[in-house]
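In what follows, every chain begins at residue 1, and chains take the letters A, B, ... in the order their sequences are listed.
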2 protein chains.
Amino acid sequence: MTAKSQRARSTAQAPSPKTAPRPRASGKTQELPDDRRQVLISEAARLFGSKGYENTSMRDIAAVVGILPGSLYYHFPSKEDLFVAVYSFAVSQSLDAVKQAVEGRDDAWARLEAACIAHMHGLLDKNRFASVLVSHLAVDTLPEQVVTLRDKYEAVFKDLVAELPLPAGVDQRIFRLGLLGSMNWAITWYRPGVETPASIARKLLNVIRRA
Amino acid sequence: MTAKSQRARSTAQAPSPKTAPRPRASGKTQELPDDRRQVLISEAARLFGSKGYENTSMRDIAAVVGILPGSLYYHFPSKEDLFVAVYSFAVSQSLDAVKQAVEGRDDAWARLEAACIAHMHGLLDKNRFASVLVSHLAVDTLPEQVVTLRDKYEAVFKDLVAELPLPAGVDQRIFRLGLLGSMNWAITWYRPGVETPASIARKLLNVIRRA
DNA sequence: TCAATTACCAAACAACTGTTTGTTTGGCGA
DNA sequence: TCGCCAAACAAACAGTTGTTTGGTAATTGA
């Protein structure tokens with residue numbers, strides 16, 4: 001994500017094979033003839049999320065997929081484009097999880113709690129598909145699209161907070177940013193153990209929530 | 001902070017010139033013959049804090065100091081050692097600021113508020129000497145010494161929280177981690193404007209504090 | 001005055017980075 | 001059977017990275 005990329009970035013979204021891609025012939029147990037692109041995104045997400053963007057090389061990603069580095073460029077025009085795809089995937093996954101957790105519940109606090117639990121789950125649990133969402137700290141080096149996606153995701157929490165019967169004098173924006181911060185920061189200290197992501201989410205909310 | 005450094009790291013704390021260093025002969029207006037090492041640390045802190053560790057090269061640091069890259073290795077045996085020095089400096093600075101802000105106050109909430117304001121100030125204000133404290137997200141790639149330093153800093157907040165008359169059922173640890181998270185996360189969204197670091201600190205605390 | 005030390009320069013090093021290029025493979029529709 | 005095309009390989013490219021080495025002015029203590 002260096003400011004000066006080595007080549008100009010295309011805005012295209014990669015070849016996007018409309019015609020069904022042919023299944024990989026090689027390989028022992030025939031895997032699903034699944035969308036190859038999605039596999040790349042998922043594996044890259046895991047690496048970006050755990051090691052960070054700058055500490056993950058295209059060679060790393062290629063290796064875990066079982067491909068040569070150059071071959072990645074058939075699917076994505078640049079590393080940054082790959083990151084955007086990964087981030088976009090993570091946002092849609094998290095959005096789905098949060099929305100599904102919320103729906104059906106009536107009480108505003110219960111809805112927010114469900115959303116927080118879903119958020120923490122995506123952030124800290126085995127999959128950790130959401131961890132890439134918070135793997136980047138230097139915001140001004142983030143591609144514009146990514147910032148847009150992040151805002152889109154956080155808008156859900158904006159709505160949930162708006163529903164809350166908060167006492168006058170409590171800034172909704174600060175409330176939301178504080179809550180998200182306290183949750184996102186958990187990746188710096190969380191270790192699997194007695195406390196689950198869900199229990200942490202509940203406790204964090206409990207600190208904020210008035211008796 | 002790659003797990004496998006290119007060379008083994010020394011544990012030494014750099015030459016540490018006890019004898020007064022000679023003033024730079026070159027250069028127009030004669031700067032203070034100040035401790036050179038401290039200048040390096042300060043400039044490196046600014047770069048690490050704003051661009052992040054991996055996006056800051058030894059050449060970047062050398063350039064802002066007006067030195068050749070290799071010359072840095074006279075003062076610090078490796079980039080990682082330099083980072084540890086920077087982090088250590090940031091911790092001691094922040095510790096001083098927080099302790100000074102707290103002392104003289106009696107009320108537990110007032111003490112915590114003063115500490116939070118000091119913390120946010122160091123994090124977001126012009127100097128931003130504390131921003132390097134939160135510039136790293138992947139904790140397991142952090143040098144051990146840095147983790148120790150971080151814990152030492154956060155211990156102050158541990159004490160401040162312990163003083164608080166919190167209602168039963170509120171986990172002190174979660175309270176502290178949540179508060180620190182909500183503050184530290186502010187570097188991802190704070191922009192200088194109407195809201196000051198101090199006002200943000202107060203509002204974040206106000207969300208947590210019970211009426 | 002002279003040897004030692006401090007703090008640097010100049011130049012290179014190997015390893016690694018993202019990326020490009022040309023080529024090959026295998027299946028599918030015509 | 002033929003040509004097409006998705007998807008990969010193989011190999012290199014140029015630039016950047018942290019770091020090392022050997023030398024050299026300026027200052028200092030003796």
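- Rounded to a whole Å, the CG atom of A:Asn55 is 10 Å from the P atom of C:dG18.
- A side-chain N or O of B:Asp60 and one of B:Ser57 form a donor-acceptor pair less than 3.5 Å apart.
- For the 3.5 Å distance criterion, the side chains of A:Asn127 and A:His121 fail to qualify, holding no donor opposite an acceptor.
- Each of B:Gly70 and B:Leu40 has a nearest nucleotide on DNA chain C; the 5'-most of these lies closest to B:Leu40.
- In terms of modelled atom types and a separation under 3.5 Å, the side chain of A:Lys99 and the main chain of A:Val156 share no donor-acceptor contact.
- Note: CD (B:Glu54) to P (D:dT17) measures 12 Å, nearest angstrom.
- Going from atom CZ of A:Arg173 over to atom CD of B:Glu195 covers 5.5 Å, rounded to the nearest 0.5 Å.
- If you measure from atom CG of B:Leu68 to atom P of D:dT21, you get 18 Å, rounded to the nearest angstrom.
- Among the heavy atoms of the strands lying under 4.0 Å from B:Ser71 is at least one base atom, whether or not backbone atoms are also near.
- Rounding to whole angstrom units, CZ of residue B:Arg36 and P of D:dA26 are separated by 16 Å.
- Atom-to-atom, NZ of B:Lys79 to P of D:dT19 comes out at 8 Å; the value is rounded to the nearest Å.
- Put simply, OH on B:Tyr73 is 17 Å from P on C:dC13, counting in whole angstrom units.
- Applying the 4.0 Å criterion to OP1 and OP2 of D:dA8, one finds that A:His75 has a side-chain N or O inside that range.
- Where A:Arg59 and A:Ile67 each meet DNA chain D at their nearest nucleotide, the meeting point lying more 5' is that of A:Ile67.
- In this structure, B:Met58 places its CE atom 12 Å from P of D:dT17, rounding to the nearest Å.
- Going from atom OH of B:Tyr74 over to atom P of C:dC8 covers 8 Å, rounded to whole Å.
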